[in-house]
Amino acid sequence: MMIAPTPFELFRQECQTVLTAVIEKTLPEVALPPINLRKTPNIEYGQLATSLCFELAKKLGQKPLDLAEKLVAAIDPSAFSLIDKVAPAGGGYINFHLNFAKFSELTLQSIKELDSQYGFVKTDTPQKIIVEHTSVNPLHPIHIGQARNPMIGDTLARILQYRGHEVSRHYYIDDVGRQSSVVAYGYLKLGKPQPTEKPDLFVGKIYTVTCCIVEINRLKQTRDRATELQNAADLVKANKELDEWLSIAVELKEKYPVLFEMLLAKIEEDPNPEEEINKLNRAYEDGQHEAKDLIREVSNLCLNGFQETMNRVNITYDSWDWESDLVWTPQVNQVMTQLKTTPYLSNEKGVLQFNADQVTQTLNLKTKLGLSPNNEIPPLTLVRADGTTLYTTRDIAYTIWKFKHANKVINVIGMEQSLAQLQLKLALYALNYTKQAENLFHFAYNLVTLPGYKMSSRRGHYITFDEVLNEAINRAHQEVTKRSPMLSPEEKQTIATFVGLGAVRYALIDVDPSKNVIFNWERVLNFETNSAPYVQYTHARATSILRKITNPPQNPNYELLTEQLEKELILTIASFPDMFIEATEYLKPNMIADYTNNLADKFNTFYNAYPVLKADTQQLTDARLTLVKAIQTVLKNALNLIGIVAPEKM
RNA sequence: GGGCGAGUAGCUCAGUACGGAUAGAGCAUCAGCCUUCUAAGCUGAGGGUCGAGGGUUCAAAUCCCUCCCCGUCCGCCA
């Protein structure tokens, strides 16, 4: 029995060979045009079609349909096993029809044989790839806006791994910067308390409240200074911001009265909290022990919470990379030394600027990088007047470090950081890391916003990812209880968990990453068609049929699968490997979610229309059972790609 | 002002990389289907100037140009 890892691709190749041969034979005078074979919009038109007669006809001064007829007449498909017939159609298409008897056998046998490996076609050029994703600052719980990142990132990592690449998932911990010092300052003021709840939630409250109090303090000073200097514009601005923060303070006081009062009392003891925070920040960058212990302690509390959350959705990381480690070791300094030898740095009173646009000009990169000639890349400040570095400066060092461990780097980072990511890439070019620059990819995704406003962690305006997961599981539990009251409490809980988690994961992966998403509960709590629960349910249904048989089908006759729906199902599962390759090569995780939904949809229609176990003949039952088994395998493999459980029962 | 991304049914979105046959789903609305393999399901109906205008082409949601609208970036923040 023949096995094909890519059954549909085999058919395509046969069609291509036939077509190439007939053109060379019939039209020796024409240069062979690129042969485009596309899936037909309708099964009546066969399975693949080409429109090349339209182009050829024009060159030859003939009617497209006449040409199509002439070519078809010269085709002898008998030498090819998967082509049933070739026919001219429409205004000049050539349609290729599959020999379903053979194709079904090939497809179903291949799936049976390859089983859990079916679809995962390995690349010819395996690479070491780092996927950096999540990288939420360790200041507050991961919120639903940020959760889109790990869902996309982990799916990318999964599909690349299944494609045969050596993938490493990295989490970049951004612990250098004022905000880490703010939360650490608040934590210290409270006397380094033990968390009384999930640690990231705990740290998040301290961060928000501290931020608010410190900010009000700062704005009051700004206001007083502006009053003194009679600077009307500054005064108006300060007052406006102050009003905003004061209203946030009211909210926070109501939400966390004890914490707020405690922090307020402690911070008021400080004559200058702002200065304390800056001091802590500098001490941390200098690697002083006390500061190190303190900030790492707070950060680790938060990160432990993150891991707990991500474990729920089965996401783990291979490497946790601390930004501060780059500062404490000579790595950042080395990069600066190297950059100073390039002609792209300018020094204005100690402030070092990187002239990114000049790099594009000197190395002639605008066209190469697909940038518009109008796109004048703004310069990037690398070093402040006080000698400290900035985020992107450290990111350059980090990226170089990553390339010591991989030959391709994919950064899953929000679209709003596109400019910084471009400047980073240009810095690599400037440093002559050309290969690395070419293999650095910014996988940009758009924001998740709440209806009416952007989520703000500093202001405490967010819905945490844990809340969303909990709510989804609760909702799923209600559904299971309603639909399957006879199940044991344990079973209900198990089902509710994978349904709820799956629903959230699917909802966040299903939309094209470049599209902005406005969060609403309806989207993640959808358990109907076009959701993970729908696909999971379909898988359970297929499993349920298979559970009822005592003996596996003996010598099924695939020629009996003649219904249109059966053919469409076979086509769909035969194309799974092609879909997988495309999703992986073009990094389109949402394609996989769409595919699972599409297959589930077709299966459910089939399920309703045709009996499997009680088909007219045992032979037909056997053939359909093999089909159901294959569909179950493909659904399971596809769900696995996007990190969603394929349940036996629900 | 400039860059980048988006604009497809009342709502949420596929389809655009590589132009092809009547532009597809789901939700919502309406009408049906559980003595038959799991009704988280299925069947059917209505619903479209594919943001606007021009161009290229035998053929444009898809390619090119102009414009409109929304988001986002253009920090000695991260």
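Heavy atoms only: backbone and side chains are in, while hydrogens, waters and symmetry mates are out. Just so we're on the same page: letters track the sequence lines, and every chain starts at 1.
- Bounding nucleotides for the chain A contact on RNA chain B, 5' to 3', at a heavy-atom distance below 4.0 Å, are B:G2 to B:A78.
- Side-chain contact check for A:E132 and A:S135: at least one donor-acceptor pair (N or O, by modelled atom type) lies under 3.5 Å.
- Contact annotation for A:I495: base contact, defined as any heavy-atom pair under 4.0 Å involving a base atom.
- Backbone-only contact: A:L419 has heavy atoms under 4.0 Å from sugar-phosphate atoms and none from a base.
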| task | Report the C-alpha distance between A:N411 and A:Q421 in whole Å, list the side-chain angles of each, state the deciding distance to 0.1 Å, and finish with yes or no for side chain to side chain donor-acceptor pair (under 3.5 Å). | result | CA-CA 9 Å; A:N411 292 332; A:Q421 287 289 308; 3.2 Å; yes
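- Between the C1' atoms of B:A25 and B:C50, the separation comes to 15 Å (whole Å).
- Counting non-hydrogen atoms under 4.0 angstrom, A:Y534 reaches the backbone sugars and phosphates but no base.
- For the residue pair A:D357 and A:E376, the shortest heavy atom distance occurs at OD1-CA, 3.4 Å.
- B:G26 and B:C64: their C1' atoms are spaced 34 Å apart (whole Å).
- Residue contacts shown for A:S531 are absent, as no nucleic acid heavy atom lies under 4.0 Å away.
- Taking the six-membered ring for Trp, A:F527 and A:Y534 have ring centres at least 6.0 Å apart.
- Note on ring orientation: taking the six-membered ring where Trp is involved, the planes of A:F354 and A:Y344 are perpendicular (angle over 60°, cut-offs 30° and 60°).
- In this structure, A:Y445 reaches neither bases nor backbone, as no heavy-atom distance under 4.0 Å exists between it and the strands shown.
- B:A39 and B:U72: their C1' atoms are spaced 44 Å apart (whole Å).
- Nucleic acid contact class of A:R394 (heavy atoms, under 4.0 Å, all strands): sugar-phosphate only.
- Going from the C1' atom of B:A61 to that of B:U16 covers 7 Å, rounded to whole Å.
- Less than 4.0 Å separates RNA chain B from at least one heavy atom of each of the following residues of residues 614-627 of chain A: A:K614.
- Of the residues in residues 594-603 of chain A, those placing a heavy atom less than 4.0 Å from an atom of RNA chain B are A:D594, A:D601, in numerical order.
- Using the six-membered ring where Trp is involved, A:F606 and A:F603 have ring planes that are tilted, between 30° and 60° apart.
- One N or O on the side chain of A:T572 and one on the backbone of A:E568 form a donor-acceptor pair closer than 3.5 Å.
- Annotation: salt bridge (Lys or Arg N to Asp or Glu O under 4.0 Å) contacts of A:E9 (sequence neighbours excluded): A:R12.
- A residue-by-residue look at A:K58 and A:A420 shows that A:K58 has its nearest nucleotide of RNA chain B further toward the 5' end.
- For the residue pair A:Y445 / A:N149, a side-chain donor-acceptor distance below 3.5 Å is found, with atom types taken as modelled.
- As judged by a 4.0 angstrom heavy-atom cut-off over every strand, A:S514 is placed among residues touching the sugar-phosphate backbone only.
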| task | In sequence, state the C-alpha distance, the side-chain angles, and the governing distance for A:Q353 and A:T381, and then conclude on side chain to side chain donor-acceptor pair (under 3.5 Å). | result | CA-CA 4 Å; A:Q353 300 246 88; A:T381 303; 2.6 Å; yes
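- For the P atom pair drawn from B:C69 and B:G3, the interatomic distance equals 16 Å after rounding to whole Å.
- Within a 6.0 Å radius of NZ in A:K366, other residues, nucleotides and ligands contribute more than 12 heavy atoms.
- Pairs of residues two or more places apart, or lying in two chains, never qualify as salt bridge (Lys or Arg N to Asp or Glu O under 4.0 Å) while including a residue from residues 54-66 of chain A.
- Taking the C1' atom of each, B:U29 and B:C63 are spaced 39 Å apart, rounded to whole Å.
- Counting any heavy atom pair closer than 4.0 Å across all strands shown, A:T529 reaches sugar-phosphate atoms only and no base atom.
- In this structure, A:Y172 has its ring center under 6.0 Å from that of A:Y398.
- No contact: A:R178 has no heavy atom under 4.0 Å from any strand.
- Counting non-hydrogen atoms under 4.0 angstrom, A:V499 reaches a base of the nucleic acid.
- Using a 4.0 Å heavy-atom distance criterion, A:A49 is classed as a base contact.
- Counting non-hydrogen atoms under 4.0 angstrom, A:L390 reaches the backbone sugars and phosphates but no base.
- Nucleic acid contact for A:K649: base, since at least one base atom lies under 4.0 Å from a heavy atom of the residue.
- Rounded to whole Å, the separation between the P atoms of B:A6 and B:C13 comes to 14 Å.
- Comparing the P positions of B:G53 and B:U8 gives a spacing of 15 Å, expressed to the nearest Å.
- Remark: the backbone N or O of A:N281 is not paired with any side-chain donor or acceptor of A:R178 at under 3.5 angstrom.
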| Base-pair map of RNA chain B as dot-bracket, where | denotes pairing with a different strand and pairs are Watson-Crick or G-U under 3.5 Å | (((((.(..((((......[...)))).(((((.......))))).....(((((..]....)))))).)))))....
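- Annotated as syn: B:C34, whose O4'-C1'-N torsion sits within 90° of 0.
- With 3.5 Å as the limit, one finds no donor-acceptor pair spanning the side chains of A:K614 and A:T621.
- Residues A:F576 and A:F8 place their aromatic rings such that the two centres sit no closer than 6.0 Å.
- Note on A:N95: a base of the nucleic acid sits closer than 4.0 angstrom, heavy atoms only.
- Nearest-nucleotide positions on RNA chain B place A:E416 closer to the 5' end than the other of A:E416 and A:V176.
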